[in-house]
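So the structure is just underneath, and the comments pick up after that.
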Amino acid sequence: MDKVKLYLDKIKKFIRVDKIKKILFGRNLSDGLILRSIVYLLLISIGFVYLYPMLYMLSYSFMKPQDITNPMVIWVPTELYFENFNKAIITLKYFETLLSSLTITLVPAIIQTIVCSLIGYGFARYNFPLKKTLLFLVLVTFIVPIQVYTIPRYVMFHQFGILETALSIIIPSIFGQGVNSAIFILIFYQFFRIIPNAFFEAAEIEGAGDYKIFFKIAVPLAIPSYITSFLFGFVWYWNETYISSLFLGQDFQSLQIKLAYFVSQFAASYPNEEAQRLNEGIRLAATLLIILPMLLVYFIMQRYFIEGVEKSGIAGE
Amino acid sequence: MTKKTRKALIGYSFIGLWIIGFLGLMVYPLINSLIYSFSKVTITGTGIKLNFTGWDNFVSVFTSEQGFIFRERLVDFAIQLALYVPIIIVFSIIIAVLINAKIRFRGFFRMIYFLPVIISSGPVINELITQGASGSSFIESYGVITMIEQNLPSFLAEPISEMFQQIIVIFWFSGVQILIFLAGLQKIDTSIYEACSIDGAGPWEIFWKITLPSLKNLVLINLIFTIVSLATFEGNGVINLIVENMNNPLTGYGFASAIAWCYFLVVCIFLGIAAFLFRNKKPTQY
């Protein structure tokens with residue numbers, strides 16, 4: 001009996017179950033063979049679902065009409081065909097439209113960031129009557145669906161005569177009522193709240209006024225929050241189409257609206273061209289052109305999207 | 001003037017723009033919208049004319065043909081919300097945990113997973129879906145949908161198979177949520193993990209006992225964000241109906257405002273449920 005036990009011990013020592021278990025399952029999510037392969041499998045397969053539309057778009061936008069109808073051509077076009085982009089650029093009047101698109105995205109995004117930082121700072125550093133209530137109302141403005149108040153706003157802007165001009169998009173941003181402004185106010189609120197008081201007290205003792213303190217101390221400290229807010233504001237304005245299509249009308253030249261009415265736009269740009277019929281290639285080339293500015297911004301500023309969210313207090317308290 | 005009142009005034013000066021905007025661009029339109037919803041609104045050359053009609057607009061939500069379409073779309077929206085929201089939350093927690101782990105090419109994976117944040121606009125998603133680039137065809141080819149339709153009762157199979165067809169929409173609505181969860185995960189002190197694994201906790205226990213509880217507060221934030229962003233998404237049938245009715249001479253702004261308020265009520269119910277389920281329970285006192 002003892003011998004058997006001895007052998008078993010020897011075998012156990014040889015196999016070292018613990019070690020195998022450690023290799024397979026690990027102690028953390030990132031080590032351990034089984035878990036790690038599951039993690040990578042999940043990451044890659046879900047990542048593919050995300051990338052699929054991008055790849056599809058990229059591949060089709062370079063295909064000749066013959067390639068699109070040819071079942072033998074999958075993913076890789078027979079040649080790089082730029083005519084789709086050419087047609088899409090003409091139909092969208094791309095460069096002109098890009099400029100007017102920027103006036104209703106870049107401008108309000110910048111204004112909104114500045115205004116929201118002021119508001120967030122006010123809430124974070126000062127005590128005044130009704131502060132809690134007002135802060136709660138900031139949250140409420142985020143929750144109320146835009147549909148409830150767009151109709152009267154539409155009527156109001158009509159009376160002011162700013163409908164179908166860029167002002168109808170820019171004015172709300174001046175007053176902290178732009179696209180998701182409440183979120184930016186809260187980001188700045190959270191950020192300014194966690195700056196130690198000592199910074200401000202020291203400046204106050206030195207005799208700096210309240211506004212000087214804001215510009216000289218608070219703003220430089222909050223640069224990452226500014227960048228993050230601006231980026232998200234820019235992206236959200238770029239992707240917002242409900243209000244802009246309503247307020248600006250079909251005639252205003254914005255890229256997103258042009259994409260929404262691409263079929264009729266194409267017919268207007270290419271009348272009587274039966275042979276040059278609109279196909280997926282052209283439409284996807286147009287779609288690609290519209291997300292291209294955002295992709296560029298994203299690739300250049302990528303780290304601010306992620307670090308910014310980590311540093312600014314979105315996830316805080 | 002005491003220092004306190006001076007400071008309060010300076011505080012108001014910082015948030016002044018917001019107060020003006022809130023009153024002028026939010027409260028005033030909301031009151032008007034409420035008035036419209038109780039009126040027949042006619043557009044004249046000089047402006048708009050209101051005839052008070054009492055509850056007529058709200059009654060016609062339940063009686064007229066447009067009202068019927070609205071109720072139908074509202075039910076669709078409610079089902080969509082009830083299905084999508086939990087999936088989006090669970091999915092974004094999983095992704096956030098995955099890309100927070102120490103993996104290779106972390107930057108690359110993050111870049112892919114945050115793509116939706118930057119390109120999810122109504123026209124772009126519409127274009128992708130109509131041009132077949134949404135990935136649903138690629139899921140269909142695996143026969144998942146036919147399997148569901150054969151094995152489940154139809155009232156369940158229909159929304160679920162639709163959900164699979166719109167999986168891309170679900171994925172593409174998770175960008176910001178993943179970011180927020182990831183930010184929350186990064187705030188967990190790594191020494192907690194170390195302490196746990198020294199005490200013999202495996203990854204499974206750590207996930208349920210440490211990771212998930214620390215994300216709990218963020219779940220509510222993300223729930224609110226998801227509900228609101230689904231509710232205001234351009235592809236949503238209800239909000240398109242509101243615009244259609246605005247321009248419809250038979251119904252007009254009055255009826256459009258009435259259905260907008262009904263819609264708001266439904267959204268509020270969902271937000272209320274979310275807030276109730278994930279409310280911050282006060283620590284019990286002894």
| query | Side chains of A:S181 and A:Q112: do they bring a donor and an acceptor to under 3.5 Å? | reply | yes

| query | Top residue by heavy-atom pair count (under 4.5 Å) with chain B, among A:F234, A:F214, A:W238? | reply | A:F214

| field | Residue part contacting chain A, namely of B:V117, when any heavy atom lies under 4.5 Å | value | both

| Residue part contacting chain A, namely of B:T211, when any heavy atom lies under 4.5 Å | neither

| query | Using non-hydrogen atoms only, which part of B:F207 is less than 4.5 Å away from chain A: side chain, backbone, both, or neither? | reply | neither

| Hey, which of A:G120, A:P172, A:S245, A:P145 has the most heavy atom pairs under 4.5 Å with chain B? | A:P145

| message | B:S257 and side-chain contact (heavy atoms from CB on, under 4.5 Å): which single residue from B:S39, B:S37, B:C262 fits? | response | B:S37

| query | At a heavy-atom separation under 4.5 Å, does B:L265 approach chain A through its side chain, its backbone, both, or neither? | reply | neither

| query | Which heavy atom of A:Y154 sits nearest a heavy atom of B:M246, and at what distance? | reply | CD2-CE, 4.0 Å

| Between the side chains of B:T232 and A:Q147, is a donor N or O closer than 3.5 angstrom to an acceptor N or O? | no

| message | Between B:F264 and chain A, with a heavy-atom cut-off of 4.5 Å, which part of the residue counts as in contact: side chain, backbone, both or neither? | response | both

| Which atoms of B:Y263 approach chain A - backbone, side chain, both or neither, heavy atom under 4.5 Å | side chain

| remark: Honestly, the part of B:Y36 sitting under 4.5 Å from a heavy atom of chain A is side chain

| Segment of B:L271 engaging chain A (4.5 angstrom heavy-atom cut-off) | side chain

| task | Under 4.5 Å, counting heavy-atom pairs only, tell me which of A:L137, A:N180, A:I290 racks up the most with chain B. | result | A:L137

| request: Using non-hydrogen atoms and a 4.5 Å limit, figure out which bit of B:I242 sits close to chain A: side chain, backbone, both or neither. | output: side chain

| request: Counting only heavy atoms closer than 4.5 Å, note whether B:I95 contacts chain A via side chain, backbone, both or neither. | output: side chain

| said: What part of B:F181 gets within 4.5 angstrom of chain A, counting heavy atoms only: side chain, backbone, both, or neither? | reply: neither

| field | Which portion of B:I35 sits near chain A, non-hydrogen atoms under 4.5 angstrom | value | neither

| task | Pick one of side chain, backbone, both or neither for B:A231, based on which atoms fall under 4.5 Å of a heavy atom in chain A. | result | backbone

| request: Kindly state whether the ring of A:F247 and the ring of A:F157 have centres lying under 6.0 angstrom apart. | output: yes

| field | Part of B:R6 within contact of chain A (heavy atom distance under 4.5 Å) | value | side chain

| What option among B:V267, B:I112, B:I227 has the most heavy-atom pairs under 4.5 Å with chain A? | B:I112

| B:N32 and A:Y149: CA distance, side-chain angles, deciding distance, side-chain hydrogen bond (donor to acceptor under 3.5 Å, both in side chains) verdict | CA-CA 8 Å; B:N32 266 339; A:Y149 54 84; over 6 Å; no

| said: If I measure from the heavy atoms of chain B, does A:I257 come under 4.5 Å with its side chain, its backbone, both, or neither? | reply: neither

| request: Determine, for A:F192 and A:R125, whether the Lys NZ or Arg CZ falls below 6.0 Å from the six-membered ring centre while staying within 45 degrees of the axis. | output: no

| said: Does any backbone or side-chain atom of A:V297 lie under 4.5 Å from a heavy atom of chain B? Answer side chain, backbone, both or neither. | reply: neither

